[in-house]
Amino acid sequence: MRLEGKTAIITGGAGGIGRALTRVFVREGANVLFVDINDENGRALESELGASARFLHVDISVDGAAEEIRDAAIDAFGSVNILVNNAHASRRATLADHTDDMFALSFDTGFYPTIHLMQACYEQLKECKGAVVNFASGSGLDGMPTQASYAAAKEAIRGVSRVAANEWAPDGVRVNVVCPFAATEGVRAWQEEFPEQAAASVAKIPLKRIGDPENDVAPIVVFLASDDAKYMTGQTVMADGGIIQLR
Ligand SMILES: NC(=O)c1ccc[n+]([C@@H]2O[C@H](COP(=O)([O-])OP(=O)(O)OC[C@H]3O[C@@H](n4cnc5c(N)ncnc54)[C@H](O)[C@@H]3O)[C@@H](O)[C@H]2O)c1
């Protein structure tokens, strides 16, 4: 087990990729404090996984959420070794139709919680030479139409992740970024709403399929969070079947 004895915080850990991460992290030996606003999913996952998983209902966009989440992880499991900033909400519209509220939603659920949780957990991460995995998106790298607020927040997360990787490397804290492409509820809704765009995206995947959250994305996140990746920091890792090949 690659995460034996580690404590992880996972935001958005009750649904989509986050739920897969919570399951696989527990399977790999971690204790997981997972945060979500979906109580039904959160409670179901908590009873499925038992004592190694603790659900916390927190809206990560509200003031003080980061400290509440860190304190809950310490209360439940004694430390914070791994921080996974996965949750992110956004709305789609062309740039011409994008409103300030749409930008606020994307930054308030994606960018600021990522920063605030990194700041809140820094001392604990430093103490145990921990790891941060932040979530970005090929939509940001590619500039996907209708995704202005989402792309902006995701690229901001990548920028800050590189700064943190450099600032925190002397402390032994690693910070990496994952850009996934996986068949979650959100992606399925997107396939239904924009079938042509979705079909075109699948056709462009070298591995010719949308990834599975548990089998394709979670192992990459486990790797980055584990000591196997001890010589990696500041990287963006594409977990997308090869669509974007960074150089
Ligand atoms: N699924 C993909 O193919 C894909 C592609 C590119 C990037 N991503 C990124 O990967 C991450 C996970 O994506 P996903 O598809 O699993 O998302 P999702 O929408 O399926 O799940 C997100 C989870 O976060 C929770 N959440 C939303 N707002 C919250 C808040 N304010 N406070 C606490 N929890 C909140 C939701 O309840 C849900 O359980 C996100 O950062 C997303 O932007 C996903």
Side-chain angles (χ1 to χ4, degrees), residues 9-24 33-46 55-66 68-69 72 83-92 104-114 116-117 132-144 146-147 149-158 161 176-191 193-194 197-198 201-202 204-205 207 209-218 220-221 224 236-241 243-244:
I9 290 171
I10 300 176
T11 65
I17 292 170
R19 178 170 44 211
L21 297 178
T22 301
R23 281 191 178 127
V24 175
L33 188 284
F34 67 104
V35 180
D36 212 293
I37 47 175
N38 187 323
D39 282 330
E40 199 185 333
N41 281 357
R43 292 210 195 89
L45 191 58
E46 197 177 42
F55 169 58
L56 183 69
H57 177 115
V58 171
D59 178 343
I60 57 170
S61 67
V62 304
D63 283 350
E68 184 183 346
I69 293 165
L83 170 62
V84 182
N85 285 302
N86 162 77
H88 198 146
S90 65
R91 302 219 192 297
R92 289 166 171 266
L105 174 71
S106 184
F107 276 80
D108 289 350
T109 60
F111 177 73
Y112 286 114
T114 296
H116 293 155
L117 268 164
V132 178
V133 182
N134 291 332
F135 271 70
S137 173
S139 299
L141 286 151
D142 261 358
M144 186 180 276
T146 75
Q147 297 272 35
S149 54
Y150 180 67
K154 288 303 200 191
E155 288 299 280
I157 288 169
R158 290 205 318 124
S161 298
N176 290 292
V177 176
V178 170
C179 296
F181 192 24
T184 57
E185 300 93 321
V187 166
R188 278 190 218 105
W190 168 68
Q191 285 177 297
E193 202 183 341
F194 302 95
Q197 197 183 63
S201 291
V202 175
K204 278 195 282 177
I205 304 173
L207 291 174
R209 63 187 174 82
I210 298 183
D212 176 75
E214 255 183 76
N215 294 318
D216 294 320
V217 175
I220 292 170
V221 180
L224 291 173
T236 293
V237 177
M238 305 306 299
D240 67 352
I243 309 168
I244 295 177

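Just so you know, these numbers use all the heavy atoms, side chains as well, and skip hydrogens, waters and symmetry mates. Everything quoted here is computed from the prediction, not taken from an experiment. Counting convention: from 1, in listed order, for ligands and their atoms alike.
Only the backbone of Val58 comes within 4.0 Å of ligand 1, counting heavy atoms alone; no side-chain atom from C-beta on gets that close.
Of all atoms in ligand 1, listed by their number and element, those nearer than 4.0 Å to a heavy atom of Ala136 are 7 (C). Atoms of ligand 1 lying under 4.0 Å from any heavy atom of Phe181, numbered from 1 in the order shown and given with element: 3 (O). Those atoms of ligand 1 that come under 4.0 Å of a heavy atom in Tyr150, given as number and element, are 6 (C), 7 (C), 8 (N), 9 (C), 42 (C), 43 (O). Applying the 4.0 Å criterion to heavy atoms of Ser137 picks out, from ligand 1, the atoms 6 (C), 7 (C). Per-residue contacts place Gly12 under 4.0 angstrom from the following atoms of ligand 1 (heavy atoms of the residue considered): 23 (C), 24 (O), 25 (C), 39 (O). Interface atoms of ligand 1 facing Gly16, defined by a heavy-atom separation under 4.0 Å, are 16 (O), 20 (O). Below 4.0 Å from some heavy atom of Val187 lie the following atoms of ligand 1, by number and element: 1 (N), 2 (C), 3 (O). Set against the non-hydrogen atoms of His88, the atoms of ligand 1 under 4.0 Å away are 41 (O), 43 (O).
Not a single donor-acceptor pair under 3.5 Å links the side chain of Asn41 to the backbone N or O of Leu45. Judged purely by atom type and a 3.5 angstrom limit, Ser161 has no side-chain atom pairing as donor or acceptor with the backbone of Val177.
Note that atom 17 (O) of ligand 1 has no protein non-hydrogen atoms nearby, at separations under 4.0 angstrom. Checking atom 41 (O) of ligand 1 against the protein gives a heavy-atom contact under 4.0 Å. Counting only heavy atoms, the protein gets under 4.0 Å from atom 38 (C) of ligand 1.
In this structure, Asp36 and Arg19 have side chains that are not in contact, with every pair of non-hydrogen atoms separated by 4.5 Å or more. In this structure the side chain of Ile210 reaches within 4.5 angstrom of the side chain of Gln191, judged on heavy atoms. Between Cys179 and Leu141 there is a side-chain heavy-atom pair separated by less than 4.5 Å. Proximity of Phe135 to Ile17: side-chain heavy atoms (C-beta onward) are separated by under 4.5 Å at one or more points. At least one side-chain heavy atom of Ile69 sits less than 4.5 Å from a side-chain heavy atom of Leu33. Counting heavy atoms from C-beta outward, Asp240 and Ile243 have side chains that approach closer than 4.5 Å. Side-chain contact between Lys154 and His88: present, with at least one pair of heavy atoms (C-beta onward) separated by less than 4.5 Å.
In this structure, the protein non-hydrogen atom closest to atom 21 (O) of ligand 1 is Gly15 O, 4.0 Å. Protein heavy atom nearest atom 13 (O) of ligand 1, with residue, atom name and distance: Ile17 CD1, 4.0 Å. Looking only at heavy atoms of the protein, atom 12 (C) of ligand 1 is closest to Asn86 OD1, 3.0 Å. Counting protein heavy atoms only, atom 10 (O) of ligand 1 is closest to Phe135 CD2, 3.3 Å. Among all non-hydrogen protein atoms, the one lying nearest atom 29 (C) of ligand 1 is Ile37 CD1, 3.7 Å.
Within the 4.0 Å heavy-atom cutoff, Lys154 counts among the residues contacting ligand 1. Taking 4.0 Å as the cut-off, Ile210 does not count as a neighbour of ligand 1 on heavy-atom distance. Contact between Ser90 and ligand 1 is absent, with no heavy atom of the residue lying under 4.0 Å from the ligand. By the 4.0 Å heavy-atom criterion, Pro180 is counted among the residues contacting ligand 1.
Of the listed options Asp59, Asp36, Val35, Thr11, Asp59 places a heavy atom closest to atom 31 (N) of ligand 1. Atom 14 (P) of ligand 1 has its nearest heavy-atom neighbour, among Ile10, Thr184, Asn41, in Thr184.
Geometrically, ligand 1 and Ile60 share a nitrogen or oxygen pair separated by less than 3.5 Å. Considering backbone and side-chain atoms together, Ala14 places no N or O closer than 3.5 Å to any N or O of ligand 1. Where the criterion is an N or O separation shorter than 3.5 Å, residue side chain and backbone included, Ala182 meets it with respect to ligand 1.
Under a cutoff of 6.0 Å and an axis angle of 45°, Arg92 and Phe194 form a cation-pi pair.
Taking the charged nitrogens against the carboxylate oxygens, Glu46 and Arg43 have no contact shorter than 4.0 Å, which rules out a salt bridge.
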- Query: Could you go step by step and tell me if Asn86 and Thr11 meet the side chain to side chain donor-acceptor pair (under 3.5 Å) rule?
  - Reply: CA-CA 5 Å; Asn86 162 77; Thr11 65; 5.2 Å; no
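Of the candidates Val133, Leu83, Val84, Val84 is the only one forming a side-chain contact (heavy atoms from CB on, under 4.5 Å) with Ile10.
Other residues, nucleotides and ligands place more than 12 heavy atoms under 6.0 Å from the CZ atom of Phe111.
Using bins of under 30°, 30° to 60° and over 60° for the plane-to-plane angle, the ring pair Phe181/Trp190 lands in the perpendicular bin.
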